[in-house]
Peer 1: 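Below is one structure. I have some questions about it.
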Amino acid sequence: MKLDMPENFIQDIITEDLKEGKNGGKVQTRFPPEPNGYLHIGHAKSICLNFGLAEANGGLCNLRFDDTNPTKEDIEYVESIKEDVRWLGFDWDDRCYYASDYFDRLYEFAIQLIKAGKAYVCDLSPQEIKEYRGTLTEPGKESPYRNRSVEENLDLFRRMRAGEFPDGSRTLRAKIDMASPNLNMRDPVLYRIVHAPHHRTGDKWCIYPMYDFAHPLSDALEQITHSICTLEFADHRPLYDWIIENVDFSDVGPIKPKQIEFARLNLSHTVMSKRKLRLLVERGYVSGWDDPRMPTIAGLRRRGYTPEAIRNFCERIGVARRNSVVDIAFLEHCVREDLNRRAPRIMAVLRPLRVVIDNYPEGQVEWLEAENNPENPDMGTRRVPFSKVLYIEREDFMEDPPKKFFRLAPGREVRLKNAYIIKCDRVVKDQRTGQVTELHCTYDPETKSGSPGAGRKVKVTIHWVSAAHAIEAEVRLYDHLFRSENPDELEDFIADLNPNSLERLTSCMVEPSITGASAGNRYQFLRQGYFCVDPDSSAGKLVFNRIVTLRDEWAKMAGSSDK
RNA sequence: UGGGGCGUAGCCAAGCGGAAAGGCAAGGGACUUUGGAUCCCUGAUUCGUAGGUUCGAAUCCUACCGCCCCAGCCA
């Protein structure tokens, strides 16, 4: 996987380190997800960064599951995470690690700290620890258990491990500084007692290391040179460094990992926290983690996004320390750009309006040639059937058109893509509702595409499908999940859900060349957007997801003031 | 009122003492058998504010203002 990483401040740091000969010229990164939820596009940014930086600097990136909290993690998530990282196009070879694989060594490191008088077993309850911690503006108080002897600490810690004490009754704490202005340094908990089975280590442990202890040491064990994480961990860096400096792991290697923080990705019109995404899934606001409206990798994949588009997006948004909200329009731009080059064109009528070509011979069928992708002639051509009765898009006809409407109207002409110019002669309406039910048109036989007479200009070209040959399909149209640009800052983000984020059209008509399409296939429906075959499709019925619309000048005009 | 971060166009984002990159969005035009694509053009006399240093400041200094994060035995 080759990423064209633009320069960023982390690359600057790496470049500087390399110049100074740090770490023997080695660059080693890691992507460390906690298996407690599905990956989303924010993780994609981190994945691209970690794998990209490693690759750009001749190094490697490990996949490491940060699974130190058995009560929140599950094997289901590790499988989905692996699938998503792989799908994005990254390869960790045989370097898939688990913090839980290090539990034995981490335990030894803890013993080491105890022996050095730098950690102690504390009997304070969770509530007491909180009270002793102090506040943002006042220093904390030292635990009465802070100065136990090394022997007693060793004994107690071994018994913690042996399961002699109930959950919450004791912890192992680092002995640092209860008066530190950085709360993370006020004797942070290193180990807690949790009598819960772990998805990988089973019942072997009843004490589990905290992130602040496990993470720097896992990095050390893997000899990570640059440990990249998000901004909220900046306050933890002094603790990260304290662990690295106070634990002796020189037998594993000389590299002392350094933590570097960057701003996580926020996307407009969606939420990114696992908690909120889980809520959407659990309360049924979406169909699942892979609902095509979700910003999860699984959701984007099902929607039809390509890994290339997502990677390109991640590379182009930049890496900085400033909190920001990237406009989702930029993500959409990235897929359009990718799909414009790759997606074959086909004609599909989403909201059919029947058109009868009065002067076209009954029963005649012409198979007309159509380009598969004007951007790429190598993609070849196909034949589409033309006959007397067609469907066109309801939106492509207006009985009383406004000034800028160039499409079909009584007495007006349009070109049918790859076919003929037709003229609208008569409008048939439902007597009761007044709804237009059918158009009668005449075609100009001289204007067949490719023929000498085809040069005649009309204002616009529309798509169509032969009624007798059309394949009926369901099409799901998606819009932003939330109405607000930044639902995250709302008191009640659920109330901001876009009621129109999904529209299902069940009687769409697609040209017959679609026959045989399978889940995951992507197409451009001419003039409408990019669509992807959904796994819900069955032999009898295709289901499409709209990935993204095409840019639409007319929609912009129509959407504004005078329609 | 403690500590840690961050303020460059509507949204991202380069810039690191010597005349404010680029992308998205927006607007205008050319072209077009997709109102698609493509191609042109239009934006900051100014970088949160105010002072200061300097021949010269978005870049250095000072003060102020604003926003984000931290008081889980979560990560």
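Every chain is numbered from 1 and lettered A, B, ... according to where its sequence line falls, protein lines coming before strand lines. Below, each value reflects all heavy atoms present in this structure, side chains not excepted, and no hydrogens, waters or symmetry copies.
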Peer 1: For A:A234 and A:D12, find the nucleotide of RNA chain B closest to each by heavy atoms; which residue's nucleotide sits nearer the 5' end?
Peer 2: A:A234

Peer 1: Should the side chain of A:T137 and the base of B:rU1 be counted as holding a donor-acceptor pair, with the cut-off at 3.5 Å?
Peer 2: no

Peer 1: How many whole angstroms separate atom CG of A:L106 from atom P of B:rA75?
Peer 2: 12 Å

Peer 1: Respond yes when some side-chain nitrogen or oxygen of A:S125 is under 4.0 Å from OP1 or OP2 of B:rC73, and no when none is.
Peer 2: no

Peer 1: Using a 4.0 Å heavy-atom cut-off across all strands, classify A:G455 as base, sugar-phosphate, or nothing.
Peer 2: nothing

Peer 1: Test the A:R161-A:Y107 pair against the cation-pi criterion, namely NZ or CZ under 6.0 angstrom from the six-membered ring centroid and within 45° of the ring axis.
Peer 2: yes

Peer 1: What interatomic distance, in whole Å, is found between C1' of B:rC16 and the corresponding atom of B:rC47?
Peer 2: 14 Å

Peer 1: Base, sugar-phosphate, or nothing for A:E34, non-hydrogen atoms under 4.0 angstrom?
Peer 2: sugar-phosphate

Peer 1: Could you write out each protein N or O paired with an N or O of nucleotides 22-28 of chain B at a distance under 3.5 Å?
Peer 2:
residue	atom	partner	partner atom	Å
B:rG23	O2'	A:R316	NH1	3.3

Peer 1: Tell me: CD1 of A:I317 to P of B:rA14, nearest whole Å?
Peer 2: 11 Å

Peer 1: NA contact type, A:V458, heavy-atom cut-off 4.0 Å: base, sugar-phosphate, or nothing?
Peer 2: nothing

Peer 1: Could you check whether A:A454 gets within reach of a base, just the sugar-phosphate, or nothing at all, counting any heavy atom under 4.0 Å?
Peer 2: base

Peer 1: Nearest heavy atom decides the nucleotide; on that basis, is A:P126 or A:R527 closer to the 5' end of RNA chain B?
Peer 2: A:R527

Peer 1: Remember a base hit wins even if backbone is also touched, and classify A:F233 as base, sugar-phosphate or nothing at under 4.0 Å, heavy atoms.
Peer 2: base

Peer 1: Tell me: CG of A:D235 to P of B:rC74, nearest whole Å?
Peer 2: 19 Å

Peer 1: How would you label the contact of A:Q524 with the nucleic acid (heavy atoms, under 4.0 Å): base, sugar-phosphate, or nothing?
Peer 2: base

Peer 1: If you take all heavy atoms of A:V510 and A:V465, which pair is closest and at what distance?
Peer 2: C-CG2, 3.7 Å

Peer 1: What is the distance from CZ of A:R341 to C1' of B:rU38, rounded to the nearest Å?
Peer 2: 14 Å

Peer 1: Polar atoms only, N or O, under 3.5 Å: list the protein pairs with nucleotides 64-66 of chain B and their distances.
Peer 2:
none

Peer 1: Would you say B:rG72 has OP1 or OP2 under 4.0 Å from some side-chain N or O of A:R133?
Peer 2: yes

Peer 1: In terms of side-chain heavy atoms, does A:N376 have a donor or acceptor partner in A:R341 at a distance below 3.5 Å?
Peer 2: no

Peer 1: Would one find a side-chain N or O of A:R192 under 4.0 angstrom from OP1 or OP2 of B:rA75?
Peer 2: yes

Peer 1: Can you tell me which nucleotide in B:rU33, B:rG5, B:rA75 comes closest to the side chain of A:H236?
Peer 2: B:rA75

Peer 1: Tell me the interatomic distance from A:E489, atom CD, to B:rC69, atom P, rounded to whole angstroms.
Peer 2: 11 Å

Peer 1: Confirm from the modelled atom types if A:D552 and B:rG35 form a donor-acceptor pair under 3.5 Å, side chain to base only.
Peer 2: no

Peer 1: When you compare the side chains of A:E332 and A:Y305, does any donor N or O come within less than 3.5 Å of an acceptor on the partner?
Peer 2: no

Peer 1: NA contact type, A:F405, heavy-atom cut-off 4.0 Å: base, sugar-phosphate, or nothing?
Peer 2: base

